[in-house]
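To start, the structure itself, in C-alpha cells.
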Amino acid sequence: MFKKMVLRIRESIWLLPGIYSIFAFLLALLVIYIDHNQMAEGIVPKFLMTNVDLAQTILGSISAALLTMTTITFSTIMVVLTTYSSQFSPRTLNNFVEDPVTMRVLGIFMGGFVYSILSLLFMSESWYESQVIAATFGVLIAFICLAFFAYFIHNVATSIQVSKLIRDITDGALKSIRRQEGALESEFLKVIDDRKDAGFSYQLIRDVKCKEFGYVQLLDYESLTAYAAERNLGIEANFQIGEFLTAESIAFRVHHNNELEEDIEDVLNQFLRLGKERSSYHDPEFALQKIVEVALRAISPAINDPNTAKNCVLHLGMALAHLSRIRANGRYIAYYDRNMEPRVIRMQKRTKDIVYLSFYQIVHYGKQDFSILIALIESFLLIGKNADETVKNIVWEIFIYSLEKFNSEELKELDKLYLNEKKSELSTLLGKSL
C-alpha cells in the first residue's frame with residue numbers, strides 16, 4: 001500500500017504547490033501574531049519596520065505582481081506542453097509536468113500570493129498599534145520569487161531541448177531498471193519458463209476480475225505475497241505492468257484449499273494500481289517507448305532530423321544494455337514466502353521481445369536512411385558488450401532482421417565499405433560469422 005501512495009503522490013501536480021501554500025499560510029499567521037503583540041520591537045531594526053499604510057501599499061503591489069507572474073508561469077507551462085506534444089510525443093508531457101523545478105516555482109509563486117493577501121487582510125490601523133514587519137517579509141518573499149522566476153525561465157529553455165529530454169527519459173528508464181534489479185536480487189524470487197514450474201499444489205481455483213479499467217501502473221508484490229502466505233493461497237497475476245485491463249479482465253487467479261473470504265475481489269484489487277496512462281516509474285519499457293516515439297517523430301518526413309533519431313537509438317541501446325543484464329529469459333517470476341512456498345506468480349516479457357519491440361518501428365520507418373542503420377549497429381554494440389551468450393544471440397538475430405528490412409539498393413561503395421566495417425565489428429563482439 002505504501003508503494004501505491006508513493007506513486008499517487010508522484011502523479012499529484014498540486015502536491016508541491018499545496019505544501020508551499022500551507023507554509024506561506026502558517027508564516028503569515030506567525031507574522032500577524034508577532035505584529036499584533038508588538039514582539040518585534042527592540043529586536044528587529046527600525047529601518048526594517050513600516051507603518052500600516054506603507055505595508056498595505058507594498059503588500060498590495062506584491063500580491064498583484066505575484067498573481068501576474070503565476071499567470072505567466074501557467075502560460076509558459078502550456079506552451080511547453082504544446083511543444084512537447086507536437087514536436088516530441090504526447091507521452092513525454094509528464095516528463096515536464098512532474099519536473100520538481102516546475103512545481104516548485106509554481107508553489108513559490110502561490111505561496112507568496114497567499115502570504116501577501118492574508119497579511120493584507122489583517123493590515124489595518126485598528127488591529128496594529130505600532131509599526132509592522134509584514135511588509136519586510138513580503139519584500140523578502142518577492143525577491144525569492146524573482147530569483148525562482150529567472151531559474152524557471154532557464155529551466156524551460158533547457159527542458160525544451162530535445163537532447164535534454166532524451167537524457168531525462170533515459171535517466172528515468174535507468175532508475176526504473178535499478179528498482180527492478182533490487183527486487184530481482186531477492187532470494188525469495190525465481191524466474192521460471194512455465195507457471196506450472198512454480199509448484200502450486202492446491203485443489204481449488206477461483207478467478208478474480210479487475211474492478212476498474214486502465215493501465216497497470218503498480219502491483220505490490222511484497223504485500224500480496226505476505227497476504228497469500230498468511231492465508232495459505234497461491235495467486236497468479238494475469239497481466240504485466242503497463243498492460244491495459246478492463247472491468248471484465250481476469251486480473252488474478254487464486255489457488256486455494258479452504259473457503260475464501262467474501263471480499264476477496266476487493267482485497268486483491270487493493271494491491272493493484274490502475275491509471276489513465278502508463279507510468280514509467282515501475283515500467284521501464286514505457287520509458288523506452290517514449291524514446292522510440294521521439295526517434296520516430298525525428299525521422300518522419302515532416303521533421304527530418306536524423307541526428308536526433310541517432311541520439312535516441314544510442315540512448316535506447318544503453319538502456320537496453322542495462323535491462324538485458326538484469327532481465328532473465330523466463331516468461332514468469334515466482335515469489336516465495338519465508339518457508340520457500342510459492343505464493344505469487346507474475347508474467348514478464350522476454351528479453352528478445354523487449355529488444356524487438358524497441359527497434360522494429362525504427363527499423364521500419366528508417367529503412368531508407370543509412371545513418372539510422374549505422375546508429376542501430378552502434379546501439380547493438382552497446383547491448384552486446386558484457387552481455388551473456390543468450391543476449392548476444394538475440395542481438396545478432398535483431399541485427400539480421402534490421403539488415404533484411406533495410407533498403408540497400410541505393411548504397412554506394414563508400415557506404416558499403418563503412419557498413420562492412422561496422423558489421424565486422426559487431427560480428428567480432430558477438431562471436432558470430434558473417
Note to self: Between the side chains of Lys209 and Glu265, is the shortest nitrogen-to-carboxylate-oxygen separation below 4.0 Å, so that they form an ion pair?
What the structure shows: no
Next item on the list: Fit a plane to each ring of Tyr202 and His255, take the angle between them on a 0 to 90° scale, and name the class: parallel (under 30°), tilted (30 to 60°) or perpendicular (over 60°).
Entry: tilted
Next item on the list: Would you please name every residue forming a ring-ring contact (aromatic ring centres under 6.0 Å, His included) with Phe113, sequence neighbours left out?
Entry: none
Margin query: Tell me whether the count of non-hydrogen atoms from other residues, nucleotides or ligands lying under 6.0 Å of CZ in Phe25 goes above 12.
Written below: no
Item checked: Nearest heavy atoms of Ile291 and Cys312, plus distance in Å -> CG2-O, 3.4 Å
Checklist line | Contact check, side chains of Leu419 and Ile374, non-hydrogen atoms, under 4.5 Å | finding: yes
Margin query: I'd like to check Ser163 versus Asn311 (side-chain heavy atoms, cut-off strictly below 4.5 Å). Are they in contact?
Written below: yes
Note to self: If only side-chain N and O atoms count, and only distance matters, is there a donor-acceptor pair under 3.5 Å linking Lys432 with Asn393?
What the structure shows: yes
Check: Could you state the interatomic distance from CG (Leu140) to SG (Cys145), rounded to the nearest 0.5 Å?
Finding: 9.5 Å
Notebook entry, point to check: Considering only heavy atoms from C-beta outward, does the side chain of His282 approach that of Arg273 to under 4.5 Å?
Noted result: no
Next item on the list: Mind jotting down which residue pairs meet the salt bridge (Lys or Arg N to Asp or Glu O under 4.0 Å) criterion with at least one end in residues 225-244? Sequence neighbours excluded, please.
Entry: Arg195-Glu236, Arg231-Glu261
Check: Would you say the ring centroid of Tyr401 lies under 6.0 angstrom from that of Phe359?
Finding: no
Note to self: Counting C-beta onward and ignoring hydrogens, is there a side-chain heavy-atom pair between Leu245 and Leu272 closer than 4.5 Å?
What the structure shows: yes
Note to self: In terms of relative ring orientation, are Tyr356 and Tyr360 parallel, tilted or perpendicular, with 30° and 60° separating the classes?
What the structure shows: parallel
Next item on the list: Give a yes or no on whether a salt bridge exists between Asp171 and Lys175, defined as a side-chain N under 4.0 angstrom from a carboxylate O.
Entry: no
Item checked: Note, Leu403 side chain near Lys423 side chain (heavy atom, < 4.5 Å) -> yes
Checklist line | Shortest non-hydrogen contact between Ser280 and Lys290, atoms and distance | finding: OG-NZ, 4.0 Å
Check: Can you tell me if Asn339 uses its side chain to pair, donor with acceptor, with the backbone of Glu341 under 3.5 Å?
Finding: no
Check: Do Thr170 and Arg167 come within less than 4.5 Å of each other through their side chains, counting heavy atoms only?
Finding: no
Notebook entry, point to check: Which word best sums up how the rings of Tyr227 and Phe271 line up, parallel for under 30°, tilted for 30 to 60°, or perpendicular for over 60°?
Noted result: tilted
Check: In Å, rounded to the nearest 0.5 Å, how long is the span from OG of Ser300 to CG of Asp305?
Finding: 9.5 Å
Notebook entry, point to check: Can you check whether Tyr221's main-chain N or O pairs, donor with acceptor, with Thr225's side chain at less than 3.5 Å?
Noted result: yes
Note to self: One thing to verify: whether Arg91 and Glu277 come together as a salt bridge, which I'm taking to mean a side-chain N less than 4.0 angstrom from a carboxylate O.
What the structure shows: no
Margin query: Check this for me: Leu417, atom CG, are more than 12 non-hydrogen atoms of other residues, nucleotides or ligands nearer than 6.0 Å?
Written below: yes
Notebook entry, point to check: Around atom CD of Gln240, are there more than 12 heavy atoms of other residues, nucleotides or ligands at under 6.0 Å?
Noted result: yes
Note to self: Using the ring-ring contact (aromatic ring centres under 6.0 Å, His included) criterion, which residues pair with Tyr365? Sequence neighbours excluded.
What the structure shows: none
Note to self: Counting only heavy atoms from other residues, nucleotides and ligands, does the tally under 6.0 Å from NZ of Lys190 exceed 12?
What the structure shows: no
Checklist line | Between Ser249 and Thr246: side-chain donor-acceptor atoms closer than 3.5 Å | finding: yes
Check: For the residue pair Leu66 and Ser116, what are the closest heavy atoms and their distance?
Finding: CD1-OG, 4.3 Å
Notebook entry, point to check: So, do Ser324 and Val355 sit near enough that their side-chain heavy atoms are less than 4.5 Å apart?
Noted result: no
Margin query: If you apply the rule side-chain contact (heavy atoms from CB on, under 4.5 Å), what do you find for Asp388 with Val391, and how did you get there?
Written below: CA-CA 6 Å; Asp388 57 25; Val391 175; 3.1 Å; yes
Item checked: CZ-CD1 distance between Arg331 and Ile345, expressed to the nearest 0.5 angstrom -> 15.0 Å
Note to self: Measuring from atom CG of Leu146 to atom CD1 of Ile108, what distance do you get when rounded to the nearest 0.5 angstrom?
What the structure shows: 12.5 Å
Next item on the list: Could you grab the distance from atom CG of Asn238 to atom CZ of Phe252, nearest 0.5 Å is fine?
Entry: 9.0 Å
Notebook entry, point to check: Would you say the side-chain atoms of Glu293 and Gln289 include a donor-acceptor pair closer than 3.5 Å?
Noted result: yes
Note to self: Rounded at 0.5 Å granularity, tell me how far CD1 in Ile264 sits from CG in Asn269.
What the structure shows: 10.0 Å
Check: More than 12 foreign heavy atoms under 6.0 Å from NZ of Lys385: is that the case here?
Finding: no
Notebook entry, point to check: How are the rings of Phe109 and Phe149 set to each other: parallel, tilted or perpendicular (split at 30° and 60°)?
Noted result: tilted
Note to self: Is the shortest side-chain heavy-atom distance between Val292 and Leu357 below 4.5 Å?
What the structure shows: no
Margin query: Using a 6.0 Å cut-off, check whether atom CZ of Phe137 has over 12 heavy atoms from anything other than its own residue.
Written below: no
